[in-house]
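Letters A, B, ... mirror the listed sequences (proteins, then strands); counts begin at 1.
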Amino acid sequence: IAQALAASINDPETASVEVAGGYLNFFLNRTNFARDTLAAIDGQFGHANIGEGRVICIDYSSINIAKRFHIGHLSTTMIGHALKRIFDALGYRTVGINHLGDWGTQFGKMICAYKRWGDAAQIEAGGIDAMTALYVRFHDEAERDPSLEDEGRAWFKKIEDGDPEALAIFDWFKDITLKDAKRVYDKLGVTFDHYTGESFYNDKMGRVIDELTEKGLLIESDGARVVDLEADGMPPCLILKRDGATLYATRDIAAALYRKDTFDFFKCLYVVAYHQDLHFRQWFRVVDKMGYPWAKDLVHVSYGMVSYEGQALSTRKGHVIYLDDLLDRSVEKALAIIEEKSPDLPDKEAVARQVGIGAIVYTALYANRIKDIDFWWDRALNFDGETGPYVQYAHARCCSLLRKAADAGVRPADADSFAALCDDEAQETLRLLSRFPEIVREAADRYEPSMITRHITRIAQAYNKYYYEHRILDDDAAASAARARLTEAVRDTLKRGLWLVGIDAPERM
RNA sequence: GCGCCCGUAGCUCAGCUGGAUAGAGUGUUUGACUACGAAUCAAAAGGUCACAGGUUCGAAUCCUGUCGGGCGCGCCA
């Protein structure tokens with residue numbers, strides 16, 4: 001059968017068909033493959049319009065007030081940011097939402113601690129660290145004096161009731177936290193369209209309670225109000241506490257209703273660690289039971305837990321790496337390498353920031369998101385092998401070659417004969433380039449930015465190998481133009497891929 | 001106890017809807033900078049794909065069970 005099929009295939013793009021056991025091997029016309037692949041590549045490579053007219057809401061980063069940005073926040077922040085860029089590239093309209101954790105009893109405790117042991121000057125000077133110190137102290141003191149817990153709850157009640165003093169302190173804490181976070185976001189190049197946190201939905205809970213009641217879904221259980229999910233094999237979803245206060249799930253449902261009304265999303269993504277899996281399955285099901293068919297468009301994009309040298313992160317115990325420190329050390333190391341290898345580089349500090357931060361971001365988006373990450377300093381600060389700097393280096397090398405080509409009067413745009421790109425190394429590079437748009441779509445389908453990170457790494461590897469095996473610029477003008485055109489396509493694709501996962505691509509490093 | 005997820009080379013990970021000799025990086029050993037950038041490239045060594053069954057012409061991949069690990073399971077978020 002294979003032989004009969006092989007004999008019957010007559011396609012101009014297929015150079016030959018060979019039978020190998022039960023397989024048919026198709027060999028493409030290498031010159032045409034090079035020509036067609038390169039014709040499709042420009043600075044927007046991978047762009048599509050499949051998402052036109054569709055909105056994707058992405059809930060990511062979602063930091064808590066009064067907590068400093070640490071490595072545990074990196075996955076949600078960078079996965080969400082990358083997904084935003086990926087869906088943008090596919091023509092969707094994306095709405096990035098930082099769903100701030102700015103509601104709950106812990107903020108009453110913060111205010112309680114501040115009133116007892118803090119003062120304004122100390123907070124202004126110490127910023128978020130001073131707030132963390134108060135938080136830690138509250139827990140220490142509350143162990144000895146449990147009445148503090150009640151005092152904390154009372155302060156939270158004041159926030160809920162709109163007490164001016166409580167609100168003023170709380171807004172002030174929020175402001176300090178956001179300023180600190182925004183500094184980190186600026187370093188990472190991460191942006192949001194909205195900072196609507198949990199408190200934003202405080203006046204939008206009534207609708208959830210009313211609808212659940214009307215639809216007969218809300219039942220009393222041990223004094224609380226819940227939606228029973230036994231038929232779905234899940235524990236009940238808690239909607240109202242015994243004292244009538246709302247819960248996490250209530251606010252998430254209120255936020256989902258609001259987002260559907262406001263944005264009419266095609267999908268609403270929640271980039272949250274997998275330990276909240278049950279929570280999302282529960283309230284997604286509640287929305288479904290409320291009769292909303294778009295419940296199926298709510299997606300928990302879960303990712304693995306972060307630990308530090310084998311132990312769980314803990315702000316309270318001080319077992320934590322702050323992102324500021326990590327980024328600073330990475331940039332510092334990048335600068336040291338630049339001083340050693342490229343002492344004459346202009347804008348050394350700026351490039352060191354691009355490389356140092358790129359290394360951290362790359363690592364966050366390298367493995368499948370479900371993998372747990374155990375942080376080790378030496379691993380995080382490695383710039384060799386499959387790393388951000390490796391891909392950036394390949395990109396910078398392409399830029400360098402293209403500068404040299406321009407000096408020699410070789411223009412990639414003049415390439416019109418591609419016979420020079422028929423060798424195995426060039427063809428492997430071209431094959432990987434040609435798959436890039438498909439990889440971008442798959443990364444979107446699977447909500448998996450690491451697919452892009454890994455693919456651009458393979459392109460960089462293939463090109464580096466090609467570079468060592470073949471001279472790009474030589475006396476043959478036509479061949480040089482073709483190889484320069486391949487170099488340009490690699491440069492554009494690496495830059496594009498790096499951009500999609502949130503990493504800068506310096507032209508020199 | 002129940003539920004979700006994970007288990008592939010010493011380490012960190014790829015391996016998509018089952019298909020040809022399971023691949024990278026790192027670490028170890030070794031080689032390559034007087035031609036375009038050595039943050040690079042090349043070579044060697046390194047795997048009972050946790051284990052046991054099953055389905056199939058064919059299983060790392062699908063099904064069942066066992067073991068090991070992470071996480072979760074009502075008034076926190």
Just to be sure I understand the rule, does A:Arg225 reach a base, reach only the sugar-phosphate, or reach nothing, if contact means heavy atoms closer than 4.0 Å? nothing
Return no unless some side-chain N or O of A:Arg281 is found under 4.0 Å from OP1 or OP2 of B:G72. no
Are A:Arg251 and A:Thr246 linked by a side-chain donor-acceptor pair shorter than 3.5 Å? yes
Between A:Leu486 and A:Leu433, is there a side-chain heavy-atom distance shorter than 4.5 Å? yes
What I want to check is whether the side chains of A:Asp384 and A:Tyr393 have a donor and an acceptor closer together than 3.5 Å. no
At under 4.0 Å between heavy atoms, what does A:Met234 touch on the DNA or RNA strands: base, sugar-phosphate, or nothing? nothing
For atom CG of A:Asp372 and atom P of B:C71, their distance in whole Å: 8 Å
Presence of A:Lys341 side-chain N/O under 4.0 Å of B:A38 phosphate oxygens OP1/OP2: no
Without decimals, in angstroms, what is the distance between A:Arg403 CZ and B:G37 P? 9 Å
Please work out if A:Asp232 contacts a base, only the sugar-phosphate, or nothing of the nucleic acid, heavy-atom cut-off 4.0 Å. nothing
Check every strand shown and say whether A:Glu469 touches a base, only sugar-phosphate, or nothing at a heavy-atom separation below 4.0 Å. nothing
How is A:Ser342 classified with respect to the nucleic acid when contacts are heavy atoms under 4.0 Å: base, sugar-phosphate, or nothing? base
Is the base of B:A77 touched by the side chain of A:Asp102 through a donor-acceptor pair closer than 3.5 angstrom? no
Output the rounded distance in Å from CD (A:Gln461) to P (B:G23). 15 Å
Any donor-acceptor pair under 3.5 Å linking the side-chain atoms of A:His470 with those of A:Asp423? yes
Check every strand shown and say whether A:Ser400 touches a base, only sugar-phosphate, or nothing at a heavy-atom separation below 4.0 Å. base
G-U wobble or Watson-Crick pairing nucleotide for B:G23 (cut-off 3.5 Å, both distances): B:C13
Give A:Tyr248 one of three labels, base, sugar-phosphate or nothing, depending on what nucleic acid heavy atoms sit under 4.0 Å from its own. base
Hey, does A:Ile337 reach any base, or is it just sugar-phosphate, or nothing, if we go heavy atoms under 4.0 Å? base
Measure CD/A:Gln311 against P/B:G70 and give the value in whole Å, please. 13 Å
Nearest to the A:Leu247 side chain among B:C75, B:A14, B:C73, which nucleotide is it? B:C75
Is A:Lys404 close enough to B:G37 that one of its side-chain N or O atoms is under 4.0 Å from OP1 or OP2 there? yes
May I ask you to verify if any side-chain N or O of A:Asn464 is less than 4.0 angstrom from the OP1 or OP2 atom of B:U40? no
Go through B:C13, B:C76, B:A77 for me and flag the one nearest to the A:Lys241 side chain. B:C76
Scan side-chain atoms only and decide if A:Tyr270 and A:Asp252 contain a donor-acceptor pair under the 3.5 Å cut-off. no
Answer yes or no: does a side-chain N or O of A:Asn368 lie under 4.0 Å from OP1 or OP2 of B:G15? yes
Contact class for A:His300 (heavy atom, under 4.0 Å): base, sugar-phosphate, or nothing? nothing
Test item: side-chain donor near acceptor, A:Asp59 and A:Ser62, under 3.5 Å: yes
Could you tell me whether A:Ala224 contacts a base, only the sugar-phosphate backbone, or nothing, with contacts defined as non-hydrogen atoms closer than 4.0 Å? base
Could you pick out which residue, A:Leu345 or A:Arg435, lies toward the 5' side of RNA chain B when each is mapped onto its nearest nucleotide? A:Arg435
Less than 3.5 Å apart, any donor N or O on the side chain of A:Gln276 or A:Tyr248 sitting next to an acceptor on the other? yes
Does B:C62 pair with anything, Watson-Crick or G-U wobble, both distances under 3.5 Å, and if so, with which nucleotide? B:G54
Once hydrogens and angles are ignored, does a donor-acceptor distance under 3.5 Å link the base of B:G74 to the side chain of A:Ser221? yes
Please determine if a side-chain N or O atom of A:Tyr390 lies less than 4.0 Å away from the OP1 or OP2 oxygen of B:C41. yes
Rounded off to whole Å, could you give me the CD1-to-P distance for the A:Ile239 and B:A77 pair? 12 Å
Applying a 4.0 Å non-hydrogen cut-off, can you work out what A:Leu278 is touching in the nucleic acid: base, sugar-phosphate, or nothing? sugar-phosphate
Rounded distance in Å between the P positions of B:A14 and B:C6: 11 Å
Distance in angstrom units between A:Leu100 CG and B:A77 P, rounded: 16 Å
Test of ring centre spacing under 6.0 Å for A:Tyr201 and A:Trp103: no
Between A:Ala334 and A:Gly104, which has a closest nucleotide on RNA chain B that is more 5'? A:Ala334
Considering only atom P, compute the distance from B:G25 to B:C4 and round it to an integer number of Å. 37 Å
With a non-hydrogen cut-off below 4.0 angstrom, is A:Arg508 in contact with a base, only sugar-phosphate, or nothing? base
Would you classify A:Ala396 as touching base, sugar-phosphate or nothing, given that sugar-phosphate means primed atoms plus P, OP1 and OP2, and contacts are heavy atoms under 4.0 Å? base
Could you tell me how far B:G68 sits from B:A24 if I compare only their P atoms? Round to whole Å. 34 Å
Nearest listed nucleotide, side chain of A:Tyr23, among B:A20, B:A39, B:C36: B:A20
Determine the contact category for A:Glu198: base if any of its heavy atoms lies under 4.0 Å from a base atom, sugar-phosphate if only primed atoms, P, OP1 or OP2 are that close, otherwise nothing. sugar-phosphate
Does B:C41 have OP1 or OP2 sitting under 4.0 Å from an N or O in the side chain of A:Tyr468? no
Any A:Lys465 side-chain N or O less than 4.0 Å from OP1/OP2 of B:U40: no
Is B:C2 paired to anything, Watson-Crick or G-U wobble with both distances less than 3.5 Å, and if yes, which nucleotide? B:G72
I'd like to know if A:Arg454 reaches the base of B:A14 with its side chain such that a donor and an acceptor end up less than 3.5 angstrom apart. no
Pairing donors with acceptors under 3.5 angstrom, does anything connect the side chains of A:Arg259 and A:His99? yes
Specify the separation, in whole Å, of atom CG of A:Leu402 and atom P of B:C36. 16 Å
Any strand, both distances under 3.5 Å, Watson-Crick or G-U wobble: B:G7 pairs with B:C67
For the base of B:A77 and the side-chain ring of A:Trp103, does the geometry meet a stacking cutoff of under 5.5 Å between centres and under 30° between planes? no
Rounded to whole Å, the OH-P distance (A:Tyr274 to B:C5) equals 12 Å
Among A:Asp492, A:Thr487, A:Leu494, exactly one meets side-chain contact (heavy atoms from CB on, under 4.5 Å) together with A:Val490. Which residue is that? A:Leu494
Which of these nucleotides, B:A39, B:G70, B:C11, is closest to any side-chain atom of A:Arg379? B:C11
